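Step one of this worksheet: look at the structure below.
Predicted model, so just to flag it, every value in this text is computed and none were measured. Residue indices begin at 1 and follow the sequence shown.
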Amino acid sequence: MTRPQNLSSNHAELWSKIQQLYPEANFLQSPEWGRMNELIGHKVIIEATDKAWCLMIVKNAKRGRYLEVPGGPLLDWQDETAVQEIFAKIRAIAKREKCVFVRLRPQLRNTPENLQLLSSLGLKKAPMHLHAEHTVILDLEKSEDELLKEMRRQTRYEVRRAGKLGIAVDWSSSEEIFREFHQVQAETALRQHFVPPDLKTLLAERAAFDDRARIYVAKTAEGKPIAYGLILISGVEAEYFEAASTELNHKLPGAYALEWQVVKDLKKLGIKRYNLWGIAPHGQKNHRYAGVTTFKTGFGGEIIEFVPASDLVIRRFRYLLNLLVETVRKKKRHL
């Protein structure tokens with residue numbers, strides 16, 4: 001593994017301990033995610049002890065510089081002293097880096113108690129989301145038969161139909177497949193009206209995660225691509241992080257075959273959770289994830305809602321400008 005420039009061997013050891021202490025930890029706080037962000041030009045800062053971990057990313061935007069804490073911090077949220085200490089450090093670092101605000105979304109379930117905890121720390125709900133707040137997670141410690149049984153009947157039918165049609169699924173971490181994925185995803189984005197990541201970001205993910213960033217491709221029996229998926233693996237969890245498809249996916253169950261092959265491969269690796277990464281909140285038919293929600297929930301699993309992204313305001317006047325811009329943007333993009 002290539003480490004972020006500011007990640008010492010001591011930090012690497014601490015990360016292993018933190019993953020054992022906090023099983024909810026995933027790639028968003030991982031050294032690999034830090035490395036990826038460095039590769040695309042962001043400054044990454046890590047505060048770590050044997051009981052707490054906080055990876056922070058300094059991001060520059062026209063509306064103001066801010067500090068992002070994705071999927072973190074990771075700590076014992078019941079330890080009031082530890083919570084106060086880590087937030088004092090976050091605030092101090094944000095001020096040192098001349099940030100307008102801090103945006104974070106911890107791995108906490110969306111409960112009244114957790115919302116009150118964040119509010120007591122001076123945090124307010126952010127106008128924009130930060131990574132997948134509503135998602136479906138499959139328990140890969142269950143058997144294949146159990147996982148098939150828990151699927152929606154139509155999903156199970158499509159998985160089996162893919163096998164009968166001779167749809168094959170394979171994966172690669174080569175630069176060539178990442179470039180191919182980028183091209184197909186750009187075409188998919190035009191059809192489905194979303195903003196895809198740029199090639200620099202995709203190649204940075206490949207460089208940081210190595211063979212734990214995998215592009216899966218489902219193809220017809222004749223070798224024609226149907227569906228693509230970028231899978232990121234970190235610790236005991238894997239994410240269905242990005243997707244793309246060709247026109248054939250409207251007629252053939254390529255995406256179903258792809259997901260089932262990913263599940264089987266992850267189980268062989270000993271991965272415990274498969275996060276399908278993003279569904280629409282209940283009842284929000286115009287949400288940007290509305291089109292994939294039925295597909296993802298069809299695989300069974302547990303629907304999880306994390307606390308929404310929260311902001312810690314550092315410079316109030318500049319933050320109000322940011323709040324206005326992002327509120328308008330959210331409405332336009334159906335976020």
Side-chain angles (χ1 to χ4, degrees), residues 24 26-28 71 105 107 109-110 129-142 144 146-162 167 169 171 181 184-185 188-189 191-197 214-218 226-234 237-246 248-267 271-306 308 333-335:
E24 70 273 18
N26 67 12
F27 78 101
L28 290 170
R105 199 276 286 152
Q107 296 287 88
R109 300 295 182 97
N110 191 359
H129 72 281
L130 183 57
H131 302 294
E133 295 173 359
H134 300 78
T135 191
V136 180
I137 296 182
L138 304 185
D139 180 359
L140 299 185
E141 294 187 286
K142 294 182 178 180
E144 289 185 13
E146 287 176 301
L147 291 168
L148 279 167
K149 186 177 180 180
E150 291 179 2
M151 290 180 185
R152 190 178 292 124
R153 184 172 63 178
Q154 183 63 30
T155 302
R156 190 165 52 247
Y157 167 78
E158 296 292 1
V159 167
R160 288 171 173 162
R161 185 165 77 96
I167 294 174
V169 181
W171 68 270
F181 175 79
V184 177
Q185 193 183 47
T188 308
R191 295 196 309 270
Q192 299 181 4
H193 310 291
F194 66 89
V195 180
R214 302 179 170 190
I215 301 289
Y216 276 77
V217 187
I226 309 170
Y228 295 73
L230 168 57
I231 311 301
L232 296 181
I233 304 170
S234 180
E237 183 172 302
E239 267 72 21
Y240 176 47
F241 195 53
E242 298 281 353
S245 62
T246 67
L248 287 173
N249 200 49
H250 294 297
K251 301 176 181 179
L252 299 172
Y256 293 91
L258 187 152
E259 292 293 3
W260 185 234
Q261 187 62 53
V262 171
V263 165
K264 291 188 290 185
D265 287 356
L266 293 176
K267 284 179 62 62
I271 304 302
K272 295 181 179 180
R273 300 190 301 266
Y274 183 33
N275 187 333
L276 294 182
W277 200 250
I279 60 172
H282 181 70
Q284 292 192 23
K285 296 181 180 180
N286 293 322
H287 192 274
R288 67 172 184 152
Y289 286 144
V292 298
T293 297
T294 299
F295 168 72
K296 292 182 178 181
T297 55
F299 287 91
E302 181 183 5
I303 294 177
I304 291 177
E305 181 180 355
F306 291 110
R333 295 184 180 179
H334 302 293
L335 297 173

Going by side chain to side chain contact (heavy atoms under 4.5 Å, CB included), name the residues that satisfy it together with [X], two or more places apart in sequence or in a different chain.
X    : value
A162 : I167, P253, A257
H193 : none
I303 : V136, I279, T297
K264 : E144, W260, Q261

Between the side chain of [X] and the main-chain N/O of [Y], is any donor-acceptor distance below 3.5 Å?
X    : Y    : value
Q107 : E24  : yes
R214 : I233 : no
K267 : L140 : yes
R191 : S245 : yes
T135 : W277 : yes

key: salt bridge (Lys or Arg N to Asp or Glu O under 4.0 Å) pairs, two or more places apart, involving residues 291-303   =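 Pairs touching residues 291-303 that pass the test: R109-E302.
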
Gap between atom [atom2] of [Y] and atom [atom1] of [X] - 0.5 Å precision:
X    : Y    : atom1 : atom2 : value
T246 : K251 : OG1   : NZ    : 10.5 Å
R273 : L138 : CZ    : CG    : 12.0 Å
H134 : H129 : NE2   : NE2   : 11.5 Å
Q154 : F295 : CD    : CZ    : 12.0 Å
L266 : E237 : CG    : CD    : 10.5 Å
E259 : T155 : CD    : OG1   : 10.5 Å

Could you tell me which non-hydrogen atom of [X] sits nearest to which non-hydrogen atom of [Y], and how far apart they are?
X    : Y    : result
A132 : G278 : CB-N, 3.7 Å
G229 : F181 : N-CE1, 4.5 Å
Q185 : P197 : OE1-CD, 3.2 Å
V263 : Y274 : CG2-CD2, 3.9 Å
A238 : I231 : CB-CG2, 4.2 Å
V169 : Y216 : CG1-CD2, 3.7 Å

query = Can the ring centroids of F27 and F241 be said to lie less than 6.0 angstrom from one another?
reply =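 Yes, the ring centres sit under 6.0 Å apart.
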
query = Given Y240, which of V292, L230, L276 fulfils the side chain to side chain contact (heavy atoms under 4.5 Å, CB included) condition?
reply =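 The passing option is L276.
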
inquiry  = What I'd like to find out is whether the side chain of N110 reaches to under 4.5 Å of the side chain of E133, using heavy atoms alone.
reply    =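 A side-chain contact is absent here, since even the closest heavy-atom pair is not under 4.5 Å.
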
ask   = If you draw the axis of the six-membered ring of Y256, does the NZ or CZ of R161 fall within 45° of it and under 6.0 Å from the ring centre?
value =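 Output no; distance or angle outside limits.
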
ask   = Any chance NE2 of H282 has more than 12 other-residue heavy atoms, nucleotides or ligands included, within less than 6.0 Å?
value =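 For H282, atom NE2 is not crowded (no more than 12 foreign heavy atoms under 6.0 Å).
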
task = Tell me, yes or no, whether the heavy-atom count around F194 atom CZ, taken from other residues, nucleotides or ligands under 6.0 Å, exceeds 12.
result =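 Counting other residues, nucleotides and ligands, CZ of F194 exceeds 12 neighbours.
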
request  = Not counting sequence neighbours, which residues clear salt bridge (Lys or Arg N to Asp or Glu O under 4.0 Å) with E146? List them please.
outcome  =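 Listed in chain order: nothing, the list is empty.
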
